[in-house]
Amino acid sequence: QVQLVESGGGLVQPGGSLRLSCAASGIRIIFSTYVGGWYRQPPGKQRELVATITSGGITNYASSVKGRFTISRDNNKNTVYLQMNSLKPEDTAIYYCELTGWGQTYWGQGTQVTVSS
C-alpha cells in the first residue's frame, strides 16, 4: 500500500519561509515514474493547484506562487518538496501532496500552513 506523509507546516510571519516534505512509502510504487504535485485549500475555498513536477523534472507553478515557491524531488528518498519563500497571508491553507501516474492518484493527509503576524 502507498502512503504519502506531509510534514513541515506551521505558523510563520509574512515574508517568512517554510519547506514542506512529502514522503512516499509502500511496495510496488516506482516513485521516479510518477508526477508529483502540491495542492492547497484555503479556508472556505476549493482546492487549487500549487505546483507540479514531472518524472522528467519539468515544473509548473500557479501564477500566484511563481517566483516564490520551488517544487523539487529526491527520488532516492521517495520525497517531493515544496520550498516556500516570501510567504503572504493569502498563502494560508491546508497543503496536500499528490502523486499520480499509471492510472492511480495518491493523496497525503495535508499539513496546515498559516501565515500571520
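Along the sequence shown, residues are numbered consecutively beginning with 1. From a predicted model like this one, the values you see are computed outputs, not experimental measurements.
- With rounding to the nearest 0.5 Å, the separation of CG in Asp91 from OG in Ser64 is 7.0 Å.
- Across all their heavy atoms, Phe31 and Val80 have their closest contact at CZ-CG2, 3.6 Å.
- Nearest heavy-atom pair, Glu98 versus Thr105, reported as atom, atom and distance to 0.1 Å: OE2-CG2, 3.5 Å.
- The two atoms that bring Leu20 and Met84 nearest to each other are CG-CE, 3.7 Å, heavy atoms only.
- Hydrophobic clustering of Ile, Leu, Val, Met, Phe, Trp and Tyr side chains at less than 4.5 Å, counting indirect connections, unites Ile53 with Val2.
- A single hydrophobic cluster is seen to contain both Trp102 and Tyr106, as judged by linkage of ILVMFWY side chains at heavy-atom distances under 4.5 Å, directly or through other members.
- A side-chain contact (heavy atoms from CB on, under 4.5 Å) with Arg40 is found for one member of Val113, Val65, Thr92, Ile94 and no other, namely Val65.
- Rounding to the nearest 0.5 Å places OG of Ser25 at 8.0 Å from CD of Gln1.
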### Task
Decide side chain to side chain contact (heavy atoms under 4.5 Å, CB included) for Tyr81 and Thr79; before the verdict, give the C-alpha distance in whole Å, the side-chain angles of both, and the deciding distance to 0.1 Å.
CA-CA 7 Å; Tyr81 303 95; Thr79 301; 3.5 Å; yes

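- There is a side-chain donor-acceptor pair under 3.5 Å between Asn85 and Ser17.
- Leu49 has its side chain out of reach of Tyr61: every pair of non-hydrogen atoms, C-beta onward, lies at least 4.5 Å apart.
- In this structure, Trp107 and Tyr96 have perpendicular ring planes: the angle between them is above 60°, well past the 30° mark.
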### Query
Should Trp38 and Thr52 be marked as a side chain to side chain contact (heavy atoms under 4.5 Å, CB included) after you check the CA-CA gap, both sets of side-chain angles, and the distance that decides it?
CA-CA 6 Å; Trp38 287 95; Thr52 60; over 6 Å; no

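- Counted within 6.0 Å of CD on Gln46, heavy atoms from surrounding residues, nucleotides or ligands total 12 or fewer; the atom is thus considered open.
- Taken together through direct or relayed side-chain contacts under 4.5 Å among Ile, Leu, Val, Met, Phe, Trp and Tyr, Ile71 and Leu87 form part of one hydrophobic cluster.
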### Message
If you apply the rule side chain to side chain contact (heavy atoms under 4.5 Å, CB included), what do you find for Leu4 with Leu99, and how did you get there?
### Response
CA-CA 8 Å; Leu4 305 183; Leu99 213 61; 4.0 Å; yes

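- Side chain of Arg68 to backbone of Ser86: a donor-acceptor contact under 3.5 angstrom is found.
- Nearest heavy-atom pair, Val50 versus Phe69, reported as atom, atom and distance to 0.1 Å: CG1-CD2, 3.7 Å.
- Side-chain atoms of Gln13 never come within 3.5 Å of backbone atoms of Ser116 as a donor-acceptor pair (strictly under, hydrogens ignored).
- Side-chain atoms of Glu6 come within 3.5 Å of backbone N or O of Cys97 as a donor-acceptor pair.
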### Message
Would Tyr95 and Gln112 count as a side chain to side chain contact (heavy atoms under 4.5 Å, CB included) here? Give the steps.
### Response
CA-CA 6 Å; Tyr95 283 71; Gln112 177 69 49; over 6 Å; no

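- The two residues Ser32 and Ser55 make their nearest non-hydrogen contact at O-CB, 3.1 Å.
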